[in-house]
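In what follows, every chain begins at residue 1, and chains take the letters A, B, ... in the order their sequences are listed. All values derive from a computational prediction rather than experimental measurement.
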2 protein chains.
Amino acid sequence: MELNDRKKMILQAIIDEYIVSAEPVGSRAISKKNELGLSSATIRNEMADLEEMGFLIQPHTSAGRIPSDVGYRFYVNSLMHRYKMGIEAIEQLERELRSKITRLDKTIMRAGYLAAALTDYTTVISTPVGESMEINKLDLVPISDDAVMFIIVTRTVKSRMIKTQLTADECTIVAQVLNNMLAGKTAEDISYDTIHEIEKICCGKLGIEPKVMINLLHFVYESISELDDGEIYVENAKSILKYPEYRDIDKAREIFSFLEDKNNLKKLVAQTDNEGIKAKIGTENEPEILKDSSLVTVNYSLDGKAVGKLAVIGPKRMNYSQVFASLDLISNEIDKLIGYISKDEE
Amino acid sequence: MELNDRKKMILQAIIDEYIVSAEPVGSRAISKKNELGLSSATIRNEMADLEEMGFLIQPHTSAGRIPSDVGYRFYVNSLMHRYKMGIEAIEQLERELRSKITRLDKTIMRAGYLAAALTDYTTVISTPVGESMEINKLDLVPISDDAVMFIIVTRTVKSRMIKTQLTADECTIVAQVLNNMLAGKTAEDISYDTIHEIEKICCGKLGIEPKVMINLLHFVYESISELDDGEIYVENAKSILKYPEYRDIDKAREIFSFLEDKNNLKKLVAQTDNEGIKAKIGTENEPEILKDSSLVTVNYSLDGKAVGKLAVIGPKRMNYSQVFASLDLISNEIDKLIGYISKDEE
DNA sequence: ATTAGCACTCGACTAATTTGAGTGCTAATA
DNA sequence: TATTAGCACTCAAATTAGTCGAGTGCTAAT
């Protein structure tokens with residue numbers, strides 16, 4: 001059987017309708033819209049065909065049709081009219097996103113928040129993984145008699161408290177060595193040998209107690225390794241409760257639990273490494289729990305290299321058109337902003 | 001009518017039962033437990049009395065009784081047997097809490113998480129407000145041609161990106177001035193006059209462009225002011241969905257929205273400034289939305305001064321005994337840990 | 001090829017009914 | 001006098017039966 005233009009239009013009308021109503025769509029409803037000028041009987045025949053071809057599903061004999069995963073897929077690939085953001089929406093977004101440029105990770109969080117606000121679905125956003133981040137400065141600040149704060153400045157700032165016997169003066173000296181040896185490098189440039197060398201310098205020439213130094217460097221190394229770990233933020237998880245597909249409270253709880261475990265999310269977001277905006281519909285998603293949901297992802301990049309992901313999670317009948325447009329807009333804005341934060345653009 | 005011992009025991013038995021079952025408790029259920037050796041008829045009479053006295057409520061004629069807010073209040077004040085944490089639970093908690101001492105705020109977050117894990121209710125925890133925090137160090141690190149990272153180290157580390165035309169050398173100099181003028185002080189010690197003085201020094205003797213300097217100091221001042229703002233974290237919000245009192249998904253959504261707005265939480269947590277562990281039951285809570293929930297709060301302190309709050313939010317029939325014990329334990333641990341992080345204890 | 005017409009299906013809704021946990025009261029009992 | 005067994009009564013919740021209507025598939029007419 002052939003998927004002619006009329007069938008396509010009917011399929012599109014059904015999906016458009018289902019996206020807003022969340023109820024099985026009947027032939028009469030489509031016919032009444034009168035865009036096609038066809039009677040319900042004709043539509044009915046076409047719908048039967050579309051069902052046979054796998055694009056539609058009938059929940060039970062006397063109900064209307066709902067789109068199958070295949071139907072959605074075809075819709076997203078070929079039918080959906082790309083929604084265009086209004087110019088004032090774009091400008092507003094730019095303003096909102098730029099108003100609070102304080103640190104890369106804050107900006108990323110804000111972008112996730114805005115994507116959630118724009119789409120009213122749940123968003124997941126990952127911060128850049130550190131490999132591409134050059135260390136600008138390191139510091140050791142004594143904050144009590146037996147503890148120092150270790151600080152690494154890249155495009156963002158990470159810190160951790162280390163319990164150690166270093167004196168304030170020793171902190172200054174060691175910090176200087178650390179900067180000499182490590183500043184300008186990225187996390188992956190730094191091997192354990194480098195750390196070892198630092199140890200030799202400090203314990204040798206500078207006469208710092210080896211035991212103290214080893215302990216300290218252990219944490220320093222750990223912190224640097226952790227630079228690679230991107231963070232993941234979830235925004236607007238509560239929107240889940242808004243959609244009838246998650247009316248079953250146990251289902252909602254399952255999803256909440258899933259979203260709460262960052263490992264799940266990292267895996268999820270890592271699975272999609274393609275260019276551009278991609279949708280994973282229903283069973284196309286690996287995790288069983290998302291088989292009734294859709295995931296739309298986009299990369300944002302830095303120096304042309306993809307470094308982070310922004311994802312929207314919602315019901316399968318999500319408003320793909322709007323979600324695509326929102327993600328497109330926001331990822332572009334982030335790209336611009338990251339460049340702006342990290343280099344001298346604008 | 002007098003609330004004699006037998007009535008008290010019956011009330012206690014009813015509430016204990018209702019806490020686990022969430023179903024109206026009938027006379028037979030109490031009688032069958034046989035701890036009192038009374039027939040259901042006798043219990044029935046006593047229950048009628050307790051209802052008349054306002055401790056119990058009968059949802060409808062042919063149902064058992066549930067505790068009223070007054071009933072819970074009496075239970076919490078006088079009836080509840082204080083649950084004692086097992087020694088190994090305590091030790092485990094200490095281990096878990098200490099294993100990741102990196103920064104004060106991380107530790108606080110972790111405490112909130114552990115309280116949630118221990119009680120399986122939602123927790124809200126606020127970080128110390130900054131007034132008591134001494135500035136250890138300030139720094140300006142250039143991270144691109146037109147942006148520097150401004151860093152303040154107290155017991156924790158805060159940073160923000162500032163767009164400015166300062167050169168690397170100028171950064172070093174200004175940072176030095178900032179440290180001379182501000183290190184060792186607390187946020188409230190620093191007035192706008194101090195900032196003004198810094199401006200004079202930098203622009204005068206050091207010859208830095210006033211426009212650049214004013215812009216920079218504006219953000220510096222803002223950042224220092226923000227030191228006072230405690231953060232608020234919510235953990236385990238999803239547990240809401242677990243309890244039958246929130247089965248109504250719209251109610252659950254309302255609570256989620258409430259929990260999402262940090263202003264609500266700040267207000268909520270600010271309202272309870274008493275010593276020790278306090279419960280607010282049902283309508284004792286200000287926000288209308290919590291009228292079917294209970295809130296248990298505890299302060300944690302630093303140098304004997306209350307600086308932050310830990311709160312548990314759950315259904316009115318929460319396991320008060322266990323929640324009280326958990327909060328008691330955790331707040332004590334935090335007290336110890338904060339001392340440890342900030343000063344030289346242990 | 002399209003559509004009007006019609007019998008048929010089946011979930012959703014409503015009303016009627018049954019069930020049973022729990023009560024309050026009364027009379028018997030210790 | 002306090003307690004309890006016994007029983008009639010109540011009422012929400014669960015079950016069953018019955019109705020409604022949106023929607024289908026098929027057939028015959030256009």
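The CG-C1' distance, from A/L50 to D/dG25, rounds to 16 Å in whole Å. Per the geometry, CG belonging to A/D49 stands 14 Å off C1' belonging to D/dT24, to the nearest Å. Summarising the geometry, the separation between CD1 on A/I43 and P on C/dA1 is reported as 17 Å, rounded to the nearest angstrom. Atom CG of B/L38 is separated from atom C1' of C/dA30 by 15 Å (rounded to the nearest Å). For the pair A/R28 CZ and D/dG25 P, the computed distance is 16 Å after rounding to whole Å. In this entry the distance linking NZ of B/K32 with P of C/dG22 reads 8 Å, nearest Å. Whole-Å rounding puts the A/N45 CG to D/dT27 C1' distance at 11 Å. We find that CZ of B/R6 is positioned 10 Å from P of D/dA2, with the value rounded to whole Å.
With respect to A/D328 and A/R82, no salt bridge is recorded, no charged nitrogen being found less than 4.0 Å from a carboxylate O. With respect to the salt-bridge test (charged N to carboxylate O, under 4.0 angstrom), the residues B/R73 and B/E284 qualify. Ion pairing between A/R317 and A/E245 holds under the 4.0 Å rule for side-chain N and carboxylate O.
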Criterion side-chain contact (heavy atoms from CB on, under 4.5 Å) on A/L329 and A/I90, from CA distance to verdict: CA-CA 7 Å; A/L329 175 57; A/I90 297 178; 3.8 Å; yes
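The stretch residues 51-61 of chain A touches DNA chain C through A/H60, A/T61, each having a heavy atom within less than 4.0 Å of the strand.
Less than 6.0 angstrom separates the ring centroid of A/Y243 from the ring centroid of A/Y121. Centroid-to-centroid, the aromatic rings of B/F256 and A/F256 come within less than 6.0 Å.
Nearest-nucleotide assignment on DNA chain D puts the 5′-proximal partner with B/T42, out of A/A29 and B/T42.
The shortest side-chain heavy-atom distance between A/M47 and A/I14 falls under the 4.5 Å cut-off. Side-chain atoms of B/Y83 and B/V323, non-hydrogen and from C-beta on, never get closer than 4.5 Å to each other. Taking 4.5 Å as the limit, every side-chain heavy atom of A/N236 sits out of range of all side-chain heavy atoms of A/Y113.
Helical stems of DNA chain D (runs of at least 3 Watson-Crick or G-U pairs, donor-acceptor distances under 3.5 Å) are listed by first residue: C:1-30 with D:1-30.
Residue A/S27 is classed as a sugar-phosphate contact, given heavy-atom separations below 4.0 Å to backbone atoms only.
For B/S62 against D/dT10, a side-chain-to-base donor-acceptor contact under 3.5 Å is present. With hydrogens and angles ignored, a donor-acceptor pair under 3.5 angstrom links the side chain of B/R44 to the base of C/dG24.
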